[in-house]
Amino acid sequence: MDYHKKFIAHLDLDCFFVSVERIKDPSLIGKPVAVGGVGRRGVVSSASYEARKFGVRSAMPMGQALDLCPQLIVVRGSHGEYGKISKRLYKFMCDYAPIVQQASIDEMYMDFTGCEKLYNNDLPGLMRTLQALVKKEFSLPCTIALSSNKIISKIATGCMKPEGLIIVEHGLEKDFLAPLDIAVIPGVGTKTEKELRKYNFNTIRDIQKAKKETIEAILGDHGRYFYRTAIGLGNDVLDVGWKRKSISNENTFMENISDRNELLKNLFELTESVCYNTRRYGWKGKTVKLKLRYSDFSTITRNITLKEPTNDDRIVFDAVKSIFLKAYTRKFPIRLLGVGLTQFSESKDETMSIFAEDEKRMQILNAVDKLRKKFGDDAIHTGKL
DNA sequence: TCTGGGGTCCTAGGACCC
DNA sequence: TCTGGGGTCCTAGGACCC
């Protein structure tokens with residue numbers, strides 16, 4: 001029955017952002033470090049294991065992190081650099097695995113099914129080699145798991161961090177999962193966890209022992225997925241055709257803002273950056289999104305779908321402005337604004353514009369983009385600012 | 001300790017068309 | 001006479017992930 005099971009590896013870089021910062025500044029090695037937003041309103045996006053000993057976790061407000069660990073060294077990250085290293089590692093792994101899926105900036109899946117002979121029937125040995133190579137060639141610690149599907153491998157790396165290595169043999173999936181806490185299942189967040197605990201499902205074994213129908217009754221359609229996961233089944237097909245479906249930019253202000261004109265100015269800056277990034281992809285978006293968060297954290301979103309896809313700052317801003325003025329009803333200070341573009345189509349030259357005036361505008365925008373590339377995003381803004 | 005910024009996917013209701 | 005059903009698109013919100 002197990003003869004057609006696959007060999008899917010999951011590679012997860014350990015506290016990736018911190019590890020990169022340690023390459024740049026070796027004095028950070030061995031110390032409690034957090035990469036994240038500085039200032040009162042920042043949060044932790046990556047914490048070193050020395051910091052985790054104090055209870056510091058990612059997504060934690062920086063103030064809280066500093067209370068738990070006063071000697072915490074906070075570093076503002078550089079996302080562009082992380083992305084480049086991530087891409088290099090992906091290409092490196094493509095030399096070893098026939099199929100590689102980049103799952104996020106710091107993790108990837110590799111399908112080694114059918115490669116057993118190529119690697120002398122020693123895939124575990126290959127995993128050790130790859131882990132050592134990542135350390136040697138990239139100076140990055142990582143955790144690797146190998147099993148019959150993506151979800152078990154992902155759960156397994158999560159359990160073995162940092163610098164762990166684990167092989168879950170075919171047929172032993174259920175046994176491996178049984179003692180683990182339900183919260184390790186990807187997709188179980190705070191809400192789902194609470195719901196499951198309410199009915200005394202605390203370990204994966206509890207789910208294994210239950211009826212599929214019981215789990216479905218508690219969690220609806222999601223329940224089917226959780227039950228399958230618990231008994232060791234899961235997706236074993238790598239997704240290599242990923243394409244981003246939205247481009248957005250949002251900003252939490254240092255201090256809340258109530259002034260309409262200042263809010264509009266911020267919306268214009270966000271619009272500029274979203275349109276710039278969309279143009280860099282050579283895309284146009286049809287649906288414009290606005291996000292608005294009040295000082296009490298209540299958040300609303302508004303969309304508008306245009307007749308034609310666009311990446312023109314002016315057209316997008318007109319849409320953003322009109323939905324913002326309609327949506328901003330509470331006389332309440334605002335802490336965050338966001339602008340996004342979705343429903344992309346390729347921006348082809350012949351459909352780009354019909355009118356000469358638009359052509360001219362596109363030329364100007366192209367010139368602005370070139371300057372930005374040369375001097376950085378803040379170098380130039382168009383008229384409205 | 002008051003909570004970032006980038007995303008994805010799902011649901012549910014309404015509009016509209018045939 | 002107020003009444004069907006299928007399909008698609010749009011919108012708002014929520015849960016979740018890194």
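Because the structure is a prediction, the values reported are computed rather than measured. Just so it is clear: chains get the letters A, B, ... in the order the sequence lines come, proteins before strands, and each one is counted from 1.
Closest to the side chain of A:Arg244, from the set B:dG7, B:dC9, B:dG5, is B:dG7. Distances from the side chain of A:Leu336 to the nucleotides C:dA12, B:dG4, B:dG5 place B:dG5 closest. With B:dT3, B:dG6, C:dA15 as the candidates, the nucleotide lying closest to the side chain of A:Thr192 is C:dA15. Counting only heavy atoms from C-beta on, A:Pro61 has its side chain closest to B:dT3 among B:dT8, C:dT11, B:dT3. Side-chain atoms of A:Arg302 lie closest to C:dG13 of the nucleotides C:dG13, B:dG6, B:dT3. Taking the side chain of A:Gln343 as heavy atoms from C-beta on, and the options C:dG13, B:dG5, C:dC10, the nearest nucleotide is C:dC10. Among B:dG6, B:dT1, C:dC17, the nucleotide with an atom closest to any side-chain atom of A:Asp67 is B:dT1. For A:Arg293, the side-chain atoms get nearest to B:dG4 when compared with the rest of B:dT11, B:dG4, B:dC9.
When the C1' atom of B:dT1 is taken as reference, atom CZ of A:Arg40 falls 12 Å away, rounded to whole Å. Atom-to-atom, CD1 of A:Ile247 to P of B:dG5 comes out at 18 Å; the value is rounded to the nearest Å. A straight line from NE2 of A:His222 to C1' of B:dC9 spans 8 Å, rounded to a whole angstrom.
Taking a 6.0 Å sphere around CG of A:Asp221, one finds it holds 12 or fewer heavy atoms contributed by other residues, nucleotides or ligands.
Using a 4.0 Å heavy-atom distance criterion, A:Lys154 is classed as a sugar-phosphate-only contact. Residue A:Val188 is in sugar-phosphate contact alone, with no base atom involved, counting any heavy-atom pair closer than 4.0 Å across all strands shown.
Using a 5.5 Å limit on the distance between ring centres and a 30° limit on the angle between planes, the aromatic ring of A:Phe297 counts as stacked on the six-membered base ring of B:dT3.
Comparing A:Gly63 and A:Val43 by the nucleotide of DNA chain B that holds the closest heavy atom to each, the one mapping nearer the 5' end is A:Gly63.
With both pairing distances under 3.5 Å, B:dC18 is matched to C:dG5 as a Watson-Crick or G-U wobble pair.
A distance-only check finds no donor-acceptor pair linking the side chain of A:Ser153 to the backbone of A:Lys150 [under 3.5 Å].
Relative to the six-membered ring of A:Tyr225, A:Arg228 misses at least one condition, a distance below 6.0 Å or an angle of at most 45° to the axis.
Ring centers of A:Phe138 and A:Phe92: under 6.0 Å apart, within the cut-off.
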